[in-house]
Amino acid sequence: QLPLAESGGGLVQPGGSLTLSCSASGFTLEDSAVGWYHQAPGKEREGISCMSASGGSGFYTDSVKGRFTISRDNSNRTIYLQMNNLKPEDTGVYFCRRGYVCYDFIVAYGVGSWGKGTLVTVSS
C-alpha cells in the first residue's frame with residue numbers, strides 16, 4: 001500500500017499562513033480517522049491534530065489550537081491542514097496519517113508507512 005503524499009509546505013514569515021494537503025489513495029477516506037504530525041528539526045515526530053471518520057472540528061494540541069484547522073474532502077481523497085499565525089517553532093516536516101480512531105489529537109492504530117512529509121520553514 002502506498003504511503004500518503006503530503007504537499008504544500010514552503011518558506012513563510014512569522015504570522016503568515018499555509019495550507020498543507022495530503023493525498024490519500026488505496027483506502028476509503030471516509031472510513032478513516034486522519035491526522036497531522038509535526039517533526040521539528042532534530043526532534044521526534046509528534047501528533048498535533050486528529051479528525052475522526054465522522055468529521056467534525058477535530059482535536060488539537062494546545063500549541064496549535066486556535067491557529068491550525070484540519071479538514072477533509074472525501075470525494076477528492078484529500079486531507080488538509082490550514083495553518084494560520086505561524087510561529088518559528090512550527091518549523092519542521094509535517095506528515096499526515098490515517099488510522100481507526102482519534103485519541104484526542106493522536107491518530108490511534110495508524111495504518112501504513114510514513115510518507116516523505118512536507119517541509120514548513122517559518123522564518124523572517
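No hydrogens, no waters, no symmetry mates; every other heavy atom, side chains included, goes into these values.
Gln39 places none of its side-chain heavy atoms less than 4.5 Å from the side chain of Tyr94. In this structure the side chain of Ser124 reaches within 4.5 angstrom of the side chain of Pro14, judged on heavy atoms. Using a 4.5 Å cut-off on side-chain heavy atoms (C-beta onward), Lys87 and Arg67 make contact. Proximity of Asn84 to Leu18: side-chain heavy atoms (C-beta onward) are nowhere separated by under 4.5 Å. In this structure, the side chains of Met51 and Phe59 stay at 4.5 Å or more apart for every pair of heavy atoms.
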Practice prompt. Test Ser54 against Ser52 for side-chain hydrogen bond (donor to acceptor under 3.5 Å, both in side chains), laying out the working first.
Written response: CA-CA 5 Å; Ser54 60; Ser52 65; 3.0 Å; yes
Practice prompt. Step by step, work out the side chain to side chain contact (heavy atoms under 4.5 Å, CB included) result for Trp36 and Val64.
Written response: CA-CA 11 Å; Trp36 287 93; Val64 307; over 6 Å; no
Worksheet item: After noting the C-alpha distance and the side-chain angles of Thr121 and Leu119, does the key distance pass the side chain to side chain contact (heavy atoms under 4.5 Å, CB included) rule?
Response: CA-CA 6 Å; Thr121 302; Leu119 177 63; 3.9 Å; yes
Discussion item. If you apply the rule salt bridge (Lys or Arg N to Asp or Glu O under 4.0 Å), what do you find for Lys65 with Asp62, and how did you get there?
Written reply: CA-CA 5 Å; Lys65 189 180 300 180; Asp62 289 339; 3.3 Å; yes
Practice prompt. Would you please test Asp73 and Ser75 for side-chain hydrogen bond (donor to acceptor under 3.5 Å, both in side chains) and show each step?
Written response: CA-CA 6 Å; Asp73 185 336; Ser75 62; 2.7 Å; yes
Item to complete: Verify side chain to side chain contact (heavy atoms under 4.5 Å, CB included) between Val107 and Tyr100, making sure each step is shown before the conclusion.
Response: CA-CA 7 Å; Val107 178; Tyr100 290 93; over 6 Å; no
Worksheet entry | Trace of the side chain to side chain contact (heavy atoms under 4.5 Å, CB included) decision for Ile48 with Phe105 | CA-CA 6 Å; Ile48 58 171; Phe105 49 81; over 6 Å; no
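Under the 3.5 Å distance criterion, the side-chain polar atoms of Tyr60 are matched with a main-chain donor or acceptor of Ile70. Put simply, the side chain of Arg97 gets close to the backbone of Gly112: a donor and an acceptor are under 3.5 Å apart. With hydrogens and angles ignored, the 3.5 Å screen pairs a side-chain donor or acceptor of Thr91 with a backbone N or O of Val122.
Going from atom CD of Glu89 over to atom NZ of Lys43 covers 13.0 Å, rounded to the nearest 0.5 Å. Note that CG of Leu4 and SG of Cys96 are 4.0 Å apart. Values are rounded to the nearest 0.5 Å. Atom OG1 of Thr69 sits about 11.0 Å away from atom CE of Met83, to the nearest 0.5 Å. Between the SG atom of Cys50 and the CG atom of Asp104 there is a distance of 8.5 Å, given to the nearest 0.5 Å.
Between the side chains of Ser63 and Thr61, at least one donor N or O lies within less than 3.5 Å of an accepting N or O. Using modelled atom types, one finds a donor on one side chain and an acceptor on the other under 3.5 Å when comparing Thr19 with Gln82.
Linking Ile, Leu, Val, Met, Phe, Trp and Tyr residues whenever their side-chain heavy atoms come within less than 4.5 Å places Val101 and Val111 in a single cluster. Under a hydrophobic-cluster definition in which Ile, Leu, Val, Met, Phe, Trp and Tyr are linked whenever side-chain heavy atoms come within less than 4.5 Å, directly or via other members, Val93 and Tyr80 are assigned to different clusters.
Aromatic ring centres of Trp114 and Tyr37 lie closer together than 6.0 Å.
Figure legend: Arg45 and Phe95 shown as a cation-pi pair, the cationic atom lying under 6.0 angstrom from the six-membered ring centre and within 45 degrees of its axis.
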